[in-house]
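For the single chain, residues carry numbers from 1 onward in sequence order. All ligand and atom numbering here is 1-based and tracks the order in the structure.
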Amino acid sequence: MPSTLEAPVALLVGEGLPDYAAITPEQVSAHMPGLLAELDQQLDRLEAELSAALEAEAPLNWQQVMGPLQRLGERLRWSWGVVSHLNGVCNGPELRTAHAGQQAAVVAFGNRVGQSRVLYRALETLQASNDLDATQQRILAAERRDMELRGVGLEGDAQAAFNATSQELAELSTRFGNQLLDATNSWSLLLTEAAEVEGLPESLRGQLAQAARQADHAEASAAEGPWLLGLDMPRYAPFLKYSRRRDLRERLYKAHVSRASGEDGGNGPLIERILTLRREQAQRLGYAHWADVSLAAKMAGSVEEVERLLEDLRAAAHPVALQELTELRACAARAGAAEAEDLQSWDVSFWAEVRRQEAFALDSEALRPWFPLPRVLDGLFGLCNRLFGIRINAADGEAPVWHPDVRYFRVDDAGSGEAIAAFYLDPYSRPGSKRGGAWMDECLVRSVADDGRPVLPVAYLVCNQSPPVGDTPSLMTFEEVETLFHEFGHGLQHMLTTVERPQAAGINNVEWDAVELPSQFMENWCYDRATLLGMARHWQSGEPLPEAEFAKLQAARTFMTGAATLRQVHLALTDLRLHSQWTPEDGRSPEALRREIAATTTVIAPIPEDALLCSFGHIFAGGYAAGYYSYKWAEVLSADAFSAFEDVGLENEEAIQATGRRFRATVLGLGGSRHPAEVFESFRGRQPSPEALIRHSGLVAVA
Ligand SMILES: [Zn+2]
């Protein structure tokens, strides 16, 4: 029997800042099943109550339906959120096993809520009542839409068919991903001659030697080889960029673009099946095709609207990409390379790198001393103070942390001094126990507790940069600085929200194609003279970053952007049309449709071996189906938002501050409480335009 003296189980506290050190893998295995069982019972009770009310045709109010639902969801989010967080930042075999052991049950609970017919009917009844504000209306509409897209509104045979197809689609996706992974891993090429690794930087040779050692060549070394080449990105991309051996680049490229396309175990047959099933699912839900299902939950209003944007970008990028190709040919010709007249896809990365060195001689490693983390943080916090009127103060020691390197900060309103939010920063890589990459996640979401106290938002900001060594602080590359600004942008939307309903506070309920607006917006400031030169100072001498280096950074930003933009347009358009135009009766194969699109979206036509669709995991094995365009869509928003600052003049301090305050009040403050088009318009005074993105990408001819 639990005694009153017993400390509460840290995993189940359910509110406030988690006590990370006290949450153990044993707790996860011991207490998650109990929590889920309890939530299941609460859901049973809620369904019974609502069912009775619906039966009696009694009116329903927000507190009766959304209150309990929110509390259920929050208890699970809090506990499972901290487990998932720890799994990302303090991974170990025990925690990984404990996490994996509970995941299916957590997903099953989510499915149960999402497919509850009683809840759905209660939401309908609630939506019909007249006393809801705009935020509540939007939360309800999103909730109902998500349930509808899970098939809650279907009856009998239609629902059975829908569920069976969902199941088959999930299996096909998994198979697609596994076969792609197998195909990627099954190809390798052992290089044994020094001539075969000519041009490769030391770090890449080391990586290839390490791969060789793992494949039974214990003697392999960076200097002497052998070196094992493979198709994974960390080996593939730099090899194409640096290898002087054109024949090897060609072999590698052809192996890469033909992945998972073979007769045996290839993804080809899965593609038509997946597209056919998605179309059927869409029609069961009352939509014409899968693209309309995808867009039902996005900012973009229609397939036509997305097509228009992609065409604007295509038209701007195509001539620039052709020009870039001409420049690469000229560069190869100057070097006396035989391929100058016949540049192929496997030559592009290599000559682009030569050209980049020629044009900018920008060495990203050499800039590290100008970006010590403490100075970069000062610069970032100073910028946030200028733009948004907030003050960020270190509060180390005021909150429990999961590792001694983790820092804790408080965010106050600079005007009123009032506390607004807080965040953790976990900046350094910890190979072996911390997931790679960088991300922002929610620790606490803004809301009002049952007793009326406000709950302030708290964010996790996680990066993976090099740790300090001795007296040397963490010295960042420019890309790492951009990453930190990016994640901080997500964090700002989470922390500066003014919405008190957690379902729409911060990043919650923000459409997927709009959620990268604040993050990409913040990246723009890394190229702003005052911001960058203000923070980039040599960590020992205090010297500012030389003007010439700043100019190189700015010039490098638009290098080869024609090709990069065109590539994204090619992928996005292929994805969109496969999910809107293609049908099983089409007569064209999906690959044939893709090649038609390639005629205007590539400057070097795909070679016969190129089976892009067989490795397009984003749309066939991931969640991007008819959503790949989102990358570009969000970039339009972020570039256009930044251009509001350019319009008033980046040197005009007063106007910059006023514009920043407006950004805080709209984009950052309103979060998911309004449609993103409405939020954008309230900031910009008009609908978004791709003009700023096209200009920032250097895609306009300079007269
Ligand atoms: Zn992001």
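Separation of the His490 and Trp439 ring centroids does not fall under the 6.0 Å cut-off.
A cation-pi arrangement is present between Arg557 and Tyr527 under the rule of less than 6.0 angstrom and at most 45 degrees off the ring axis.
For the Zn ion (ligand 1), the nearest N, O or S atom contributed by Glu516 is named OE1.
Put simply, the angle at the Zn ion (ligand 1) from NE2 in His490 to NE2 in His486 is close to 100°, to the nearest 10°.
Inclusion of Glu487 in the first shell of the Zn ion (ligand 1) is not supported: no N, O or S atom falls under 2.8 Å.
Contact annotation: the side chain of Val83 never approaches that of Gln102 to less than 4.5 Å [non-hydrogen atoms, C-beta and beyond].
Heavy-atom neighbours of Arg386 CZ from other residues, nucleotides or ligands within 6.0 Å: above the threshold of 12.
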